[in-house]
Amino acid sequence: MIYHVYTIKGEKRSLMRQVEHFFPLPFIRIDKHYNIQCYSPEMAELTRLSANLLDLLDEGSISKVQKGIIPSVPKTKMEVNLNAVDYGDAPILIDLFANWINDLQADIILMEKGEGIRGISDSLQQLRTRLQATNFELLEEKDKLQKSIEINNRLSAPFIELTEETALIPLFGDISVEKLYAIESNTLDAVQQTGIDCVLFDFTAVGELNGDGVHVLQKLVQSIIYMGVEVAVVGIKPSQAKRINELGASMDIRHIGSLQQAIKQFCN
Amino acid sequence: MENRHEQLAELFLQGREDEAVAFIDELLNEHPRLYLYEDIITPAMYHVGVLWETNEITVADEHLATAICDYVVSRLDDRFTEKESNNDKAGNKVLLLGVEKEQHYLGLKMVAGFYREMGWHVRYLGPNLPIDHAIDQINRWRPDVIGISAALSYRLPAVKQFAHRFSQLEWKPAILIGGRITRKFDLLDFISDRIYVIRGLNDLSRLHNQRGEEIIDETS
């Protein structure tokens, strides 16, 4: 037999010994203060031993044991978490069976929960981690995509000075709110800095017209006019003309059929 | 009606996710989301913990309740992100994580919802994050606010380590410490001019209402 004597604050608190018990199971006998009087070798393998049962428990299980394992309840079965051997690791989930043999002593068997539940909880956790990672990658891709859309938008309306008086802004792609917001301030700055007299908006490479986008374009055109600059719209296709009409967004400015005509008119 | 959180806990434990969602949706008609997080969902999960402690349910039941609750919180978050995604105010950024080995994450997820509702960019890295991973992400993304969460007392050293490392970042993000650990310990030693201890979402909301400027000012 192996004896352990624990001394706490100079006082001999507990005499704990290992017994070769008849069950090949983790077993302890405790007194009513949860001091461990004896334990089986299997118990010593399960966890790092201490003189008191409460010291073996994960903090969330301490009051559960204090409330549930009491002499007035002769037999109890409950789940508890034991501290892992390595401090900070996930606690070990245990099925605990307690039996008070008298008011002063209880026999307790502690069985580690089957691999089953541990397996399930591990795979749940892995699933969660994977979902998390996927979600995160998606977010990063979304960020990248947003940035490239923004760059794309800003590049969809280059400001080209044809002569000292005339500038050409060929618009590319669909006319959307985001795109118009992205080009608005650059365009206005360019108009002011170059001091040109006329801006040609070329619609040749424009696709769909979005209603709100056209509205913002109208405002942009209006702002340029306020700056004392003439605006002409070039190369509107029949379907776009119809669409502008439907949107009730007719602009009180010059429309020219093709870029060729516009250049003839403005660059001579 | 009282004990609504207990009713919700019951739905979680029985795995009735559709009813749990309907239950939350109905409350959403009369209450702000903050109230649902703080006064219904969080107490419901604490109640599940109490049921385990009083030996009425098993850990398997708890896992089920957690999964259902996760679903409900994700759904709740989703509904609002769609609606408010255009509302990108000022582009403030918050990054949220649980310390290494910490497995509790529902609180963090609700904090993510709280910030999304305010129109912030949110990166929720989840629980159990090694510190080097965290630092790597943080350096790349440069958030204005970093939220750290932990539940159990033996995570205190990790929380301290994380908070210390984050407080050395050159752009001085605000560091929030939250999770159940803050309800058990006062953590006064942790508080400094850029480190805040948050006891629940109401506390977080108050902090932003009263000292919101101070939280993001330093970084901008």
Side-chain angles (χ1 to χ4, degrees), chain A residues 57-70 73 76-81 83-84 86-96 98 113-114 116-140 142-143 146 150 177-178 181 212, chain B residues 46 49-64 66-67 70-71 74 77-78 81 85-86 88 91 93 95-106 108-109 112 121-129 133 137 140-141 150-158 180-181 184:
Chain A
L57 298 169
D58 176 68
E59 61 190 51
S61 299
I62 294 173
S63 69
K64 183 171 185 173
V65 163
Q66 285 172 322
K67 278 182 232 153
I69 304 183
I70 39 176
V73 185
T76 319
K77 180 198 168 201
M78 62 166 66
E79 284 177 343
V80 295
N81 280 307
N83 283 325
D86 282 326
Y87 193 68
D89 274 359
I92 313 160
L93 184 60
I94 297 285
D95 269 327
L96 178 155
K113 275 270 190 194
I117 191 149
R118 199 163 245 211
I120 289 172
S121 100
D122 282 354
S123 44
L124 266 177
Q125 205 173 302
Q126 274 167 17
L127 272 176
R128 221 155 45 215
T129 315
R130 275 199 57 190
L131 276 175
Q132 189 55 47
T134 315
N135 197 356
F136 198 65
E137 280 161 19
L138 279 175
L139 270 177
E140 281 193 333
K142 190 180 143 208
D143 271 7
Q146 255 169 355
E150 221 180 282
V177 178
E178 295 77 21
Y181 280 144
D212 294 333
Chain B
Y46 283 166
V50 169
L51 291 178
W52 182 78
E53 217 183 291
T54 50
N55 212 12
E56 288 170 58
I57 58 167
T58 67
V59 167
D61 297 316
E62 254 190 329
H63 280 314
L64 177 63
T66 305
D70 190 354
Y71 176 71
S74 306
D77 206 21
D78 204 42
T81 8
S85 56
N86 290 329
D88 256 6
K93 294 190 280 193
L95 183 137
L96 303 164
L97 59 100
V99 297
E100 201 160 2
K101 291 182 178 169
E102 180 59 64
Q103 302 301 343
H104 295 81
Y105 65 97
L106 287 168
L108 265 185
K109 226 173 169 165
H121 292 292
V122 178
R123 280 215 173 155
Y124 162 77
L125 301 187
N128 188 13
L129 202 70
H133 272 58
Q137 282 289 340
R140 271 196 282 159
W141 202 52
L152 306 169
S153 63
Y154 45 78
R155 307 278 175 237
L156 270 174
R180 222 169 56 184
I181 204 165
K184 286 188 248 168

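As the structure is a computational prediction, the values presented were derived from the model and not from experiment.
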With chain A, which of B/L125, B/T54, B/N128 has the greatest number of heavy-atom pairs at distances under 4.5 Å?
B/L125
Of the backbone (N, CA, C, O) and the side chain (C-beta and beyond), which part of B/Y124 lies under 4.5 Å from a heavy atom of chain A, both, or neither?
both
Non-neighbouring partners of A/D95 that pass salt bridge (charged side-chain N to carboxylate O under 4.0 Å, His left out), sequence neighbours left out
A/K113
Does OH in B/Y46 sit with more than 12 non-hydrogen atoms of other residues, nucleotides or ligands closer than 6.0 Å?
yes
Please list all pairs meeting salt bridge (Lys or Arg N to Asp or Glu O under 4.0 Å) that have one or both residues in residues 50-62 of chain B, counting only residues at least two apart or in different chains.
A/K67-B/E53
Quick one: does A/K77's side chain get under 4.5 Å of A/L96's, heavy atoms only?
no
Do B/Y105 and B/L96 have side chains that get closer than 4.5 Å, going by heavy atoms?
no
Side-chain heavy-atom pair B/R155, B/K101 within 4.5 angstrom cut-off
yes
Please classify the contact between B/K109 and chain A as side chain, backbone, both or neither, with a heavy-atom cut-off of under 4.5 Å.
neither
The interface call for A/V65 against chain B, heavy-atom contacts under 4.5 Å, is neither
Below 4.5 Å from any heavy atom of chain A, which atoms of B/W141 appear? Answer side chain, backbone, both or neither.
side chain
Structural part of B/V122 lying under 4.5 Å from a heavy atom of chain A:
backbone
Under 4.5 Å from a heavy atom of chain A, the part of B/R140 involved
side chain
